[in-house]
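Read through the structure below, which is laid out as structure tokens, and then see the notes.
Heavy-atom basis, side chains included; hydrogens, waters and symmetry copies ignored.
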Amino acid sequence: MGEVGSKTIDLLTLCAETNLDSLAEQVVSQEPLLNANHKPQIRKYLDRLAEKMICDKRQQFYLFKMLRAHILPLTNCAFNKGGDKFITGSYDRTCKIWDTNNGCLLYTSPSPRDS
């Protein structure tokens, strides 16, 4: 069987004005496992990323809720694919799952000290 791996491609310079055809060509030319057949799919992913970068200037953000549920500072925070839940991990050795829409705590993992 072949080995499965992953590679990070730096797209820090991607912006709404980036020439996506040129960038897709650059990615294909720099990555030995990619060829011209991959270019349309890469272009599609770059389009999606560029769309997410366009922001309505009238959009206003505000602090919705401040969560103070861990005893010690957070070490990690991650959202699920749908964005409706997120998980936090803390130095207090617990993980908590939250509802993104209302900030309600859904689950707390038991601390190993509680065992």
Smallest separation among heavy atoms of [X] and [Y], with atom names:
{"X": "K39", "Y": "A24", "value": "CG-CB, 4.1 Å"}
{"X": "L20", "Y": "A50", "value": "CD1-CB, 4.1 Å"}
{"X": "P73", "Y": "S90", "value": "O-OG, 3.1 Å"}
{"X": "C95", "Y": "I87", "value": "CB-CD1, 4.2 Å"}

Side-chain ([X]) to main-chain ([Y]) donor-acceptor, under 3.5 angstrom:
{"X": "N76", "Y": "G89", "result": "no"}
{"X": "S29", "Y": "Q26", "result": "yes"}
{"X": "T88", "Y": "C77", "result": "no"}

*Once the angle between the rings of F79 and F86 is folded into 0 to 90°, is it parallel (under 30°), tilted (30 to 60°) or perpendicular (over 60°)?*
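Ring orientation of F79 relative to F86: tilted.
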*Among T108, T75, T94, which residue meets the side chain to side chain contact (heavy atoms under 4.5 Å, CB included) test with H70?*
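Checked T108, T75, T94 against H70; only one passes side chain to side chain contact (heavy atoms under 4.5 Å, CB included): T94.
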Can you measure from [atom1] ([X]) to [atom2] ([Y]) and round to the nearest 0.5 angstrom?
{"X": "D99", "Y": "I97", "atom1": "CG", "atom2": "CD1", "value": "11.5 Å"}
{"X": "I71", "Y": "Y91", "atom1": "CD1", "atom2": "OH", "value": "15.5 Å"}
{"X": "L46", "Y": "E51", "atom1": "CG", "atom2": "CD", "value": "11.5 Å"}

When the side chains of residues 100-107 are checked against the rest of the protein, which donor-acceptor pairs come out under 3.5 Å, sequence neighbours left out?
residue	atom	partner	partner atom	Å
T100	OG1	G83	O	3.1
T100	OG1	D84	O	3.3
T100	OG1	K85	N	3.3
N102	OD1	C104	N	2.8

Transitive ILVMFWY side-chain link [X] to [Y], under 4.5 Å:
{"X": "L14", "Y": "I42", "value": "yes"}
{"X": "L23", "Y": "L49", "value": "yes"}
{"X": "V28", "Y": "L11", "value": "yes"}

_Y45: ring-ring contact (aromatic ring centres under 6.0 Å, His included) partners, not counting sequence neighbours_ =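 Partners of Y45 by the ring-ring contact (aromatic ring centres under 6.0 Å, His included) criterion come out as none, since no residue qualifies.
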*With sequence neighbours excluded, tell me which residues meet salt bridge (charged side-chain N to carboxylate O under 4.0 Å, His left out) with K44.*
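Not a single residue meets the salt bridge (charged side-chain N to carboxylate O under 4.0 Å, His left out) criterion with K44.
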